[in-house]
Amino acid sequence: MKLRKKMIIFTCVVALVTLGINYLLLHLIMLNRFEKLDEAALKHSLDDALTSYQEELLDMRTGMLNYSLRDETYRFVEASRSADRPPAADDGFIRSTFNRATFEVNHLDMMALLDKSGQPLYGGTYDTARRSMSPLTPELYTLFKLMNSRLPAFSSANDSQTGIVLLDRGPMLITLTPIAGSSTDKPVIGTAVAGRMLQQEEATHVREDGTASIQITRATSEMLAQSGGKDRWMSPVSGSMMSVHTVVNDLFGNPGVVFTVKQPRQIYESGQESVYSFRLVFFTVTILSCIGSMLFVNRSILGRMSSLIKNIRAIGSSKDLSIRIISTGRDEFSDVEHEFNRMINSLEQAQEELQQQSMLDPLTQLPNRSLFFAKLNAAIGAAKGSNRQIALVFIDLDHFKTVNDTLGHDFGDAMLQEIAFRLTQAVGTHDVVSRLGGDEFTILLSDIPDSAAISARLSSIQDALSMPHQIQGHLFYCTASIGISIYPQNGDDADYLVKQADLAMLHVKGTGRNNIFQYSEDLEESIRRKKVLSQQLLSAAANAEFEVHYQPILNAERLQVHKVEALLRWTSPIYGPVSPAEFIPLAETSGSIVSIGGWVLRQVCADMRRFRESGLFLTAAVNISALQLMQPGLLELLLKLLHEYELPPSSLELEITESVLVNGDSILESLQQLRAHGFRISLDDFGTGFSSLSYLRRFPVDVIKIDRSFVSEMTPHPQGDMLVKAIIELSHNLGLSVVSEGIELQEQFDMLRSLGSDELQGFYISKPVRAGEIRSFLSRKKSFLGEK
């Protein structure tokens, strides 16, 4: 079927479908929507009437509480209960409280005060037209008895009941409030009742727009049958009027009255007239639009398309790509003609560029991963069976992410292009430089005769990388971590050689960067060991692999042990005992140091509790990592453990290292909170970190621990103890105590005592021992004054 015939059929179908959908939308949706809007407006009017009814009840209840909760009302009812007869109606309280003004101000038709048995102590009705008060009617006495028998008695001043009751005169709004006095803590001794007749005209004024009318009638069995058990129901449309009904139960839960709202279907009728007018106009416009569209399509589209098809067929049949289509206009078909000619011109060139780009990195124009591995496999194949060596260099730029984050990716891309150029210039003509991705480069150094040649090539590569970069007026210095693997010493597989060089590079990253390292089996074993240990640390505490040892700390003046340092020991299920110098950094890197630190604190508190029960009142110095200090909840954990084990804060001394202090205000705030709760803070390994003397004044530190490296360098010669002496004097001038650790010789012990060190620690005094061996150590009474 020709396109022209399809267009005609399509246009006719679209017109018919549009007219049909328009008819359905207008008649089935729009008119129905108008009818729904009328129903919604009708229900809204009913809601207004019900809201007015509820507001009337709330207003009556609020007004009646002003009388039922007064102390005068309470005393009146209380006096009535104790007297033989109710007080007279002309009682002063009655006259001043329940007078004509009370009825008029509160718009009430009836008020009464009932005792707990439902008997009226006072009651009266008010005729609004005559402005006169009358006694209660027999019908109201009967109502009070019915309320007393069917309604639950009030138990507190907060109770109340509101609703509607049916009287001979008509429905009455009624509210019941307890009589409990102003303090509301007295027992309820009666009920205050107020009523207001529900007049038809009072309900009608709820909607004053002149279109809706409201009727209030008694509920009959016929009306209840029409409702079908629903709370509200619609009556069938009568002429142009719609009506909705709802039943309002009386005070006792029975159907009382029916609220009926009627109003005309204004929106529906207005919408119906608009629909008929719109349908006629829409039909005329649709027919004219279809005719105009078919004429335009036939002339401007189908004619041009036929000409374009003829030209393309001529080129296809001749297979001559030198033929071009002559453009005949300036519309979209002309654009197609121009693009068709351009496509023929660039087709062969695009194919060549696509093949080339698939093997090159688009940014640096270096061989990409695929081409590099192909060349590496080819080099390995050529080197097999000969004595030639191949060096694989894996390069990762140091801190390159900082360049992208601070200066933008444009600077980073320019730097990568410059590095690619430098690496290409630094290697030989037969070597291959590749960019694997990101800031990672690989270099294939082929046909390397010996290690000296490899070192020379690597030196030139490192020199090229270390030269400054001048990019857009900025001067940058860039270093790199370089890993090497050698064929055939380190393997004969391309993937394996790259993996080994990558491992060597990662080792350089972890040991300071800006260096070169060659892969070895020891390196892989070290990396594997770190991974296994890091994984085991996650469950070491739960598997009871940790143990806390304690190293005694001696008071230099009294030569008595009053403190111990808690030192964590770990026995790995695979590797056996592991040094804290090895597993503590792994725990800090993996984040498991937080849970391990929590376990250590609990264990130390448990040991301190046992020491105290055996008569040893010792203080334990416990190391706290920076991660623990920065974690929320450390103070709460310490206070919880002290409470659980009944320990004072002085039983723990928290040791931090100098490196912790450089974390700034967050650490300062944490230390201040700990110190404010009675914990002493000790600065461990003083003099070996990065802190300055200003930290000693700024941070809340109580104790300085002189690192063992200073103690080991002390000599009895003049000036041999000047550094340690200066640290001790400085600490004392700042009001800090000094602990000297790493004491292994009698001479060191004596010199530190003479220099004024407050506490002494080291193997000369005791090695770290288990918790159960502390009492045995103390009982030996070892002399430290030259006798061993």
Side-chain angles (χ1 to χ4, degrees), residues 56-128 131-167 172-197 250-253:
E56 291 282 336
L57 290 176
L58 179 60
D59 179 66
M60 290 175 60
R61 176 183 176 276
T62 304
M64 203 58 193
L65 285 173
N66 294 329
Y67 300 96
S68 63
L69 297 181
R70 292 171 59 177
D71 292 334
E72 292 88 346
T73 306
Y74 193 91
R75 287 194 294 269
F76 173 82
V77 177
E78 193 174 43
S80 301
R81 293 173 57 192
S82 61
D84 295 336
R85 62 184 179 82
D90 61 347
D91 180 83
F93 167 73
I94 297 296
R95 289 199 310 272
S96 63
T97 305
F98 301 100
N99 51 29
R100 188 175 65 182
T102 302
F103 283 90
E104 290 178 348
V105 169
N106 294 282
H107 305 287
L108 298 178
D109 298 311
M110 182 273 293
M111 295 180 69
L113 301 177
L114 310 181
D115 61 14
K116 295 196 69 173
S117 64
Q119 292 298 322
L121 302 177
Y122 162 77
T125 62
Y126 183 72
D127 190 334
T128 304
R131 300 186 66 190
S132 62
M133 298 173 57
S134 304
L136 296 172
T137 63
E139 185 181 24
L140 292 174
Y141 278 92
T142 303
L143 174 63
F144 295 156
K145 291 180 181 180
L146 184 62
M147 290 189 302
N148 185 65
S149 61
R150 296 187 59 182
L151 297 179
F154 293 145
S155 59
S156 68
N158 296 323
D159 296 339
S160 66
Q161 287 281 352
T162 57
I164 191 170
V165 295
L166 301 178
L167 302 179
M172 172 183 278
L173 301 178
I174 194 165
T175 180
L176 292 80
T177 58
I179 300 175
S182 61
S183 61
T184 68
D185 58 351
K186 297 179 181 180
V188 177
I189 63 171
T191 304
V193 185
R196 181 185 299 164
M197 296 304 297
D250 64 11
L251 184 65
F252 308 106

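Heavy atoms only: backbone and side chains are in, while hydrogens, waters and symmetry mates are out. Note that this is a predicted model, so its numbers are computed, not measured.
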Novice: Does the side chain of Asp109 come within less than 4.5 Å of Phe103's, by heavy atoms?
Specialist: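 Not in contact.
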
Novice: Below 4.5 Å, heavy atoms only, C-beta onward: do Arg131 and Glu104 meet side chain to side chain?
Specialist: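 Yes, side chains in contact.
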
Novice: Please tell me if the side chains of Phe154 and Lys116 come closer than 4.5 Å, counting only heavy atoms from C-beta onward.
Specialist: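 A side-chain contact is absent here, since even the closest heavy-atom pair is not under 4.5 Å.
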
Novice: Within the distance-only criterion (no hydrogens, no angle test), does the side chain of Asp127 pair as donor or acceptor with the backbone N or O of Ser132 below 3.5 angstrom?
Specialist: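 No.
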
Novice: Would you say that Thr97 contacts Phe76 through its side chain, given a criterion of any heavy-atom pair below 4.5 Å between the two side chains?
Specialist: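 No; the side chains remain at least 4.5 Å from each other.
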
Novice: Can Thr102 and Asn99 be counted as having a side-chain donor-acceptor contact under 3.5 angstrom?
Specialist: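 Judged by distance alone, the side chains do pair up.
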
Novice: Regarding Asn158 and Ser156, do their side chains bring together a donor and an acceptor under 3.5 Å, going by distance alone?
Specialist: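 Short answer, no.
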
Novice: Would you say Pro120 and Leu136 make side-chain contact, with heavy atoms under 4.5 Å?
Specialist: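 Yes, close enough: below the 4.5 Å cut-off.
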
Novice: To check you understand the geometry: which heavy-atom pair defines the closest contact between Ser68 and Ala192, and what is its length?
Specialist: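 Closest heavy-atom pair between Ser68 and Ala192: CB-CB, 3.6 Å.
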
Novice: Under a 4.5 Å cut-off applied to non-hydrogen side-chain atoms, are Leu114 and Ile179 in contact?
Specialist: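 No, side chains not in contact.
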
Novice: Quick one: which of Thr162, Leu176, Leu173 gives a side-chain contact (heavy atoms from CB on, under 4.5 Å) with Leu251?
Specialist: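 Running side-chain contact (heavy atoms from CB on, under 4.5 Å) over Thr162, Leu176, Leu173 with Leu251 returns exactly one hit, Leu176.
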
Novice: For the residue pair Ser160 and Arg61, confirm or rule out a side-chain donor-acceptor distance under 3.5 Å.
Specialist: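 There is such a pair (donor and acceptor under 3.5 Å, judged by atom type) between the side chains of Ser160 and Arg61.
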
Novice: For the backbone of Pro138 and the side chain of Thr142, can you confirm whether one donor and one acceptor N or O come within less than 3.5 Å of each other?
Specialist: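 Yes, Thr142 side chain to Pro138 backbone: donor-acceptor pair under 3.5 Å.
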
Novice: Compare all side-chain heavy atoms of Pro187 with those of Tyr74 and state whether any distance is below 4.5 angstrom.
Specialist: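 Result yes, sub-4.5 Å side-chain heavy-atom pair found.
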
Novice: Just wondering, do His107 and Met60 contact through their side chains at under 4.5 Å, heavy atoms?
Specialist: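 Counting from C-beta outward, Met60 and His107 never come under 4.5 Å.
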
Novice: Applying side-chain contact (heavy atoms from CB on, under 4.5 Å) between Arg196 and each of Thr175, Leu57, Asp59, Ile174, report the one that passes.
Specialist: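 Only one of Thr175, Leu57, Asp59, Ile174 forms a side-chain contact (heavy atoms from CB on, under 4.5 Å) with Arg196, namely Asp59.
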
Novice: Can you tell me if Tyr122 uses its side chain to pair, donor with acceptor, with the backbone of Phe98 under 3.5 Å?
Specialist: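 A pair under 3.5 Å: yes.
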
